Peer 1: 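One structure follows; several queries about it will come next.
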Amino acid sequence: MKSIVCIPTYNERENIVALFSAIHSYIPELHILVIDDGSPDKTADLVRQQMAVDDRIHLIVRDAKRGLGTAYCAGFRYAIDRGFEYIYQMDADFSHDPKDLLRFRHEVAHADLVIGSRYVSGVNVINWPMSRLLLSWFANLYTRVITGMPIADATGGYKCFRAEVLKRIDLERIRSNGYAFQIEMNYKTWMLGARVREIPIVFTDRVTGESKMSKNIIFEAAFLVWKLKFATIFSFGKR
Ligand SMILES: Nc1nc2c(ncn2[C@@H]2O[C@H](COP(=O)(O)OP(=O)(O)OP(=O)(O)O)[C@@H](O)[C@H]2O)c(=O)[nH]1
Ligand SMILES: [Mg+2]
């Protein structure tokens, strides 16, 4: 079973090397692909140093900050082209506990997409201000009501796809970033009739580094949900 985890980075110098060790302490055979958008803090240089001594580490460097969605799509394409069968995604900032990778691996044996969910059993978020928690919670309620997609946490970024399902999604046509990207990928997977499972995870806000949350990310997601809904209605059942 060839598996790889895609990790987009923008200024994650303080986290990335520690994250590699943590991941490999749980799943030594897991490959790691960093998609770095020319981080000014030279995150990519640190990754290159690790690559020189560890052939499980891979790197894609893009010239400028071009957003999370296209970063993931570039990563997914790389992984598919190299024959990886299970493709994970996670953040670099330790918000996603690397230990959970073991539970993802277990669950994906019976699913096409496993989503780490903050809301599947109560609310499992540590260190977020109430405003951000409410925003996230309402964004998920809004998404569920409009799309009808039965997913408690559609905006989270800790997941594992079977490559088979990603191959059936036209990655070149995904334009969204941020929250909207996560929603769009879940929606397209769900519309394919694929098996989607949620597992509870605890999400911890970043300890070091800078937050990149913005109003644009929220508007993008609010709009996308309607776009997906209408695209489905007007395609008369076609996917
Ligand atoms: N390649 C790439 N990675 C990005 C970009 N924006 C964010 N990232 C990375 O994507 C992951 C998630 O971004 P975060 O900034 O942690 O987003 P968040 O968790 O919603 O917000 P905070 O943790 O509060 O900053 C992290 O690993 C970031 O370094 C981008 O434009 N390009
Ligand atoms: Mg984060």
Side-chain angles (χ1 to χ4, degrees), residues 1-12 16 19-20 23 27 29-39 43-48 50-51 54-93 96 101 104-105 108 111-116 154-196 212 217 220-221 224 227-228 231 238-239:
M1 257 185 356
K2 267 183 88 182
S3 305
I4 191 165
V5 55
C6 296
I7 307 176
T9 56
Y10 193 75
N11 288 343
E12 299 288 1
I16 197 70
L19 184 63
F20 292 166
I23 290 171
I27 309 187
E29 69 277 18
L30 188 61
H31 285 249
I32 300 176
L33 168 61
V34 172
I35 307 102
D36 184 72
D37 275 359
S39 298
T43 304
D45 286 352
L46 276 186
V47 177
R48 284 192 196 95
Q50 298 297 310
M51 282 170 81
D54 188 338
D55 56 15
R56 297 166 297 183
I57 313 280
H58 308 247
L59 173 66
I60 296 175
V61 178
R62 307 193 303 172
D63 51 357
K65 187 164 174 13
R66 287 201 262 135
L68 215 55
T70 54
Y72 274 122
C73 288
F76 294 161
R77 172 63 39 221
Y78 178 103
I80 290 168
D81 290 348
R82 281 156 188 81
F84 286 97
E85 292 168 82
Y86 295 95
I87 304 174
Y88 299 71
Q89 59 167 80
M90 75 191 292
D91 292 353
D93 59 3
H96 298 147
L101 289 167
F104 278 90
R105 184 174 66 175
V108 82
D112 301 301
L113 165 61
V114 180
I115 300 173
T155 57
Y158 201 5
K159 307 193 212 178
C160 180
F161 288 92
R162 253 173 215 265
E164 287 312 313
V165 80
L166 287 179
K167 286 180 196 164
R168 294 171 63 198
I169 295 173
D170 188 356
L171 298 173
E172 317 300 314
R173 287 190 54 195
I174 308 262
R175 292 277 172 271
S176 51
N177 275 303
Y179 279 178
F181 173 75
Q182 309 301 351
I183 297 171
E184 185 166 6
M185 291 301 295
N186 293 340
Y187 188 78
K188 294 201 161 150
T189 302
W190 177 62
M191 289 299 291
L192 286 168
R195 297 164 299 169
V196 180
K212 292 137 199 150
I217 293 178
E220 184 197 18
L224 171 96
K227 202 173 116 188
L228 293 173
K238 264 193 301 182
R239 282 158 192 160

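FYI, side chains are in, hydrogens and waters are out, and symmetry mates aren't considered; it's all heavy atoms of this structure. Values in this document were obtained by computation on a predicted structure and should not be read as measured data.
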Peer 1: Does any part of the side chain of Q50, heavy atoms only, come nearer than 4.5 Å to the side chain of V47, both counted from C-beta?
Peer 2: no
Peer 1: For residues I80 and I87, determine if any side-chain heavy atom of one lies less than 4.5 Å from a side-chain heavy atom of the other.
Peer 2: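 Yes. Closest side-chain heavy atoms under 4.5 Å.
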Peer 1: Side-chain contact, heavy-atom cut-off 4.5 Å: L166 with M185?
Peer 2: yes
Peer 1: Between R66 and D37, does any NZ, NE, NH1 or NH2 come within less than 4.0 Å of an OD or OE carboxylate oxygen?
Peer 2: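 Here D37 does not pair with R66 in a salt bridge, since their nearest N and O are not under 4.0 Å apart.
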Peer 1: If you measure from NZ on K159 to CD1 on I115, what distance do you get to the nearest 0.5 Å?
Peer 2: 5.5 Å
Peer 1: Between K188 and E184, is there a side-chain N and carboxylate O pair less than 4.0 Å apart?
Peer 2: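 E184 and K188: salt-bridged.
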Peer 1: Which residues pass the ring-ring contact (aromatic ring centres under 6.0 Å, His included) test with Y72, not counting sequence neighbours?
Peer 2: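 For Y72, the residues satisfying ring-ring contact (aromatic ring centres under 6.0 Å, His included) (neighbours in sequence not counted) are F76, F181.
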Peer 1: Using side-chain heavy atoms (C-beta onward) and a distance below 4.5 Å, is I4 in contact with K2?
Peer 2: no
Peer 1: Does the side chain of S39 reach to within under 4.5 Å of the side chain of E12, using non-hydrogen atoms?
Peer 2: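 SC-SC contact between S39 and E12 ruled out.
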Peer 1: Under 30°, 30 to 60°, or over 60°: which ring-plane class applies to H31 and H58, parallel, tilted or perpendicular?
Peer 2: tilted
Peer 1: How about Q89 and H96: do any of their side-chain heavy atoms sit closer than 4.5 Å?
Peer 2: no
Peer 1: Is the distance between the ring centroids of F104 and Y86 under 6.0 Å?
Peer 2: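 Aromatic pair excluded; centres sit 6.0 Å or further apart.
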Peer 1: Measuring only between side-chain heavy atoms, which start at C-beta, is I32 closer than 4.5 Å to I7?
Peer 2: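 Sidechains of I7 and I32: in contact.
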Peer 1: Could you state the interatomic distance from CD1 (I27) to CZ (R56), rounded to the nearest 0.5 Å?
Peer 2: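 Rounded to the nearest 0.5 Å, the CD1-CZ separation comes out at 11.5 Å.
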Peer 1: Less than 4.5 Å apart, any side-chain heavy atom of M90 and any of I23?
Peer 2: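 A side-chain contact exists here, since the closest heavy-atom pair is under 4.5 Å.
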Peer 1: Look up atom CG in L101 and atom OH in Y88, then write down how far apart they are to the nearest 0.5 Å.
Peer 2: 6.5 Å
